[in-house]
Amino acid sequence: MTTLARATDALTRDALTVLQPGFAGTTAPDWLLRRLGEGLASVALFGRNVTSPEQVAALTAQLRAEREDVLVAIDEEGGDVTRLEVRTGSSFPGNHALGAVDDVGLTREVAAALGRRLADSGVDFNWAPSADVNSNPDNPVIGVRAFGADTDLVARHTAAYVTGMQSAGVATCTKHFPGHGDTGIDSHHAVPLIDVDADVLAARDLVPFRAAVAAGSRAVMSAHILVPALDPDRPATLSRRILTELLRGELGYDGLIVTDGIEMRAIAGTYGIERGTALAIAAGADAICVGGGLSDEDTVRRLSDALVEAVRSGELPEERLADAAERVRSLSRWTTANRPGARPGDTADGDVGLRAARRALRVTEAEDFTPLTGAPYVAAFTPVANIAVGDETPWGVAAELRRLLPGTETGSFSGPDAGAEALAAADGRRVVAVVRDEHRHPWMAAALDTLLAARPDTVVVEMGVPRAEPRGALHLATHGAARVCGLAAAEAVVGTGR
């Protein structure tokens, strides 16, 4: 039976309200401003939209001149996943470093400082934190984005992060429900399967989300993962059993439910973005994240038209779409009421990020190690970055070492001959080898073997999840590749930070 729409204009406005699209450029295009006038209630910022805090503040002011209560969202986890500092690397260590320190007060302080940075630039909705329990060490997309592999540790730090960031007036979006930590596939590329019993999920993956709900997280992001114990047919983003019956019903959550990027292949490659959008809202999602890959007006039109048509065909109850739109407006009212006003460039947070990175550093050194005083050669063994992290953001220790030891040179190596190539490039200089998730890349482990056999005085800096045994004259585990993690490691290499 076809649902009778209240009015075409109201229905279209609701359809636009539930979309959270991105765009190209560092100023708002005309089509985006026009859509804000027609009902669009959220805008998403990505790395391509950011050049400086002042530019972001001007951009958000431009958006709010068109619609004062617009939600401005960003994917700013800190650590490896940064958009606000996409060109330089983050001033804040990521979740894994904070979990390694295991001081919930510090996590709360870091999140509050990061929240102030966002608020100062006019951003009021952050698609963070990751509450995933990284139970699969070979996980290709979570890794250092998680606080760790221990459920209770992840839960307490998730709650601290939510509390800290929201104290700055920035709404958090805890992700990726019901937990992306036990996957061996990146949902940017395909549909991951988590095939464990419901009691395992309840005792492991759901616990941090319960903590986030208790802490008052204003939003939760769904994962594009198939969890047969919860729903054997549809991924979580499209599952009423998971979003409505579990998250809303069993966990008692009443805030906004946002999808992960709808254009990710896990949805786009199996359902298509139009049908995926309609199914997600019908299942209980309230907002559709889109724009990481598709960032034009045509995408907004296609998705809003798909929602209108789904209502008219009876596939999507109009009341469900209206409820979703009202939840978006409710979050907007909260952020508007808690908005501190833009103060771009504010430095009130001091050096909390660097202090946290220093505390996260794990140092193992040989008895005869002496700090470096001459310019070394930095050999970066570079894996392919996952899509969430991206390849625009610099990482490593070379830039920081160059400031401390002028004349430092660097090169990037990968593949079966990486070790020999790095040795040749070093040309007798002291080597600092930088690796990221060595345990996931056999070629990287082999390169280190080659390098250390020839140069046992090599310094090893591990910037991913540290799984391998420490080796080298000095082994530094940073628990992430944020800029401040690189600075903390560089200080240890020259002996100033230990």
Looking only at non-hydrogen atoms, find the nearest pair between [X] and [Y] and report the distance.
X: Val101; Y: Ala356; answer: CG2-O, 4.0 Å
X: Val432; Y: Val397; answer: CG1-CG2, 4.1 Å
X: Ala280; Y: Leu238; answer: N-CD2, 3.7 Å
X: Ala489; Y: Val461; answer: CB-CG1, 4.0 Å
X: Ala236; Y: Ala223; answer: CB-O, 3.2 Å
X: Ala481; Y: Asp80; answer: N-OD1, 2.8 Å

Verify, without hydrogens or angle tests, whether [X] (side chain) and [Y] (backbone) share a donor-acceptor contact under 3.5 angstrom.
X: Thr174; Y: Pro129; value: no
X: Ser330; Y: Glu326; value: no
X: Thr259; Y: Thr237; value: no
X: Gln166; Y: Thr172; value: yes
X: Asp437; Y: Arg440; value: no
X: Thr410; Y: Val378; value: yes
X: Ser304; Y: Ala15; value: no
X: Asp132; Y: His176; value: yes
X: Gln55; Y: Thr26; value: yes
X: Arg67; Y: Gly39; value: yes

>> Pair Leu71, Val43 - check side chain to side chain contact (heavy atoms under 4.5 Å, CB included), show working.
In response: CA-CA 6 Å; Leu71 283 168; Val43 174; over 6 Å; no
Does this structure show an ion pair linking [X] with [Y], if we count only N-O contacts that are shorter than 4.0 Å?
X: Arg275; Y: Glu309; answer: no
X: Arg329; Y: Asp14; answer: yes
X: Arg302; Y: Glu274; answer: yes

If I take atom [atom1] from residue [X] and atom [atom2] from residue [Y], how far apart are they, to the nearest 0.5 angstrom?
X: Ile142; Y: His96; atom1: CD1; atom2: NE2; answer: 12.5 Å
X: Leu11; Y: Arg312; atom1: CG; atom2: CZ; answer: 6.0 Å
X: Thr277; Y: Ile262; atom1: OG1; atom2: CD1; answer: 4.5 Å
X: Arg218; Y: Leu331; atom1: CZ; atom2: CG; answer: 7.5 Å
X: Thr60; Y: Asp120; atom1: OG1; atom2: CG; answer: 10.5 Å
X: Phe92; Y: Leu98; atom1: CZ; atom2: CG; answer: 10.5 Å

Are [X] and [Y] packed together at the side-chain level, in the sense that at least one heavy-atom pair is separated by less than 4.5 angstrom?
X: Val123; Y: Val170; answer: no
X: Leu307; Y: Leu316; answer: yes
X: Leu45; Y: Phe23; answer: yes
X: His180; Y: Ile194; answer: no
X: Phe177; Y: Leu246; answer: yes
X: Gln20; Y: Val72; answer: no
X: Val133; Y: Asp182; answer: no
X: Tyr161; Y: Leu114; answer: yes

> When you look at His479 and Cys485, which way does the side chain to side chain contact (heavy atoms under 4.5 Å, CB included) test go after all the steps?
Replying inline: CA-CA 8 Å; His479 300 92; Cys485 294; over 6 Å; no
> Run the side chain to side chain donor-acceptor pair (under 3.5 Å) check on Arg483 and Ser91 step by step: do they pass?
Replying inline: CA-CA 6 Å; Arg483 179 179 58 81; Ser91 301; 2.8 Å; yes
> Counting heavy atoms not belonging to Arg240, are there more than 12 under 6.0 Å from its CZ?
Replying inline: no
>> Apply salt bridge (charged side-chain N to carboxylate O under 4.0 Å, His left out) to residues Asp124 and Arg64 and explain how you reach the verdict.
In response: CA-CA 12 Å; Asp124 55 7; Arg64 292 200 169 96; 2.9 Å; yes
> According to the interplanar angle, ranging from 0 to 90°, do the rings of Phe381 and Trp443 count as parallel (below 30°), tilted (30 to 60°) or perpendicular (above 60°)?
Replying inline: perpendicular
> Yes or no on side chain to side chain contact (heavy atoms under 4.5 Å, CB included) for Arg241 and Arg234, after CA distance, side-chain angles and deciding distance?
Replying inline: CA-CA 9 Å; Arg241 294 186 192 179; Arg234 285 187 172 170; over 6 Å; no
> Going through the distances and angles, do Gln62 and Thr27 end up as a side chain to side chain donor-acceptor pair (under 3.5 Å)?
Replying inline: CA-CA 8 Å; Gln62 182 189 15; Thr27 58; 4.9 Å; no
> Can you find a side-chain donor-acceptor pair between Thr382 and Ser414 that sits under 3.5 Å?
Replying inline: no
> Are a donor atom and an acceptor atom from the side chains of Asn139 and Thr183 found within less than 3.5 Å of each other?
Replying inline: yes
>> I'd like to know whether Glu77 forms a salt bridge (charged side-chain N to carboxylate O under 4.0 Å, His left out) with Arg83, so could you lay out the CA-CA distance, the side-chain angles of the two residues, the decisive distance to 0.1 Å, and finally the verdict.
In response: CA-CA 9 Å; Glu77 299 176 14; Arg83 310 305 178 216; over 6 Å; no
> When you measure from the centre of the six-membered ring of Trp395, is the NZ or CZ of Arg436 under 6.0 Å away and within 45° of the axis?
Replying inline: yes
> According to the salt bridge (charged side-chain N to carboxylate O under 4.0 Å, His left out) rule, which pairs have a member within residues 276-295, sequence neighbours left out?
Replying inline: Arg248-Asp286, Asp286-Arg320, Asp286-Arg327
>> Arg403: which residues meet the salt bridge (charged side-chain N to carboxylate O under 4.0 Å, His left out) condition with it, sequence neighbours left out?
In response: Glu400
>> Applying side chain to side chain contact (heavy atoms under 4.5 Å, CB included) to Leu256 and Val258, what does each step give before you reach the verdict?
In response: CA-CA 6 Å; Leu256 190 76; Val258 185; 3.6 Å; yes
Show me the side-chain donor-acceptor pairs of residues 287-299 shorter than 3.5 Å, one per line, residues at least two apart or across chains.
unit_1	atom_1	unit_2	atom_2	d
Asp296	OD1	Thr299	N	2.9
Asp296	OD1	Thr299	OG1	2.7
Glu297	OE1	Arg34	NH2	3.1
Glu297	OE2	Arg34	NH2	2.2
Glu297	OE2	Arg35	NE	3.4
Asp298	OD1	Arg301	NE	3.2
Asp298	OD1	Arg301	NH2	2.3

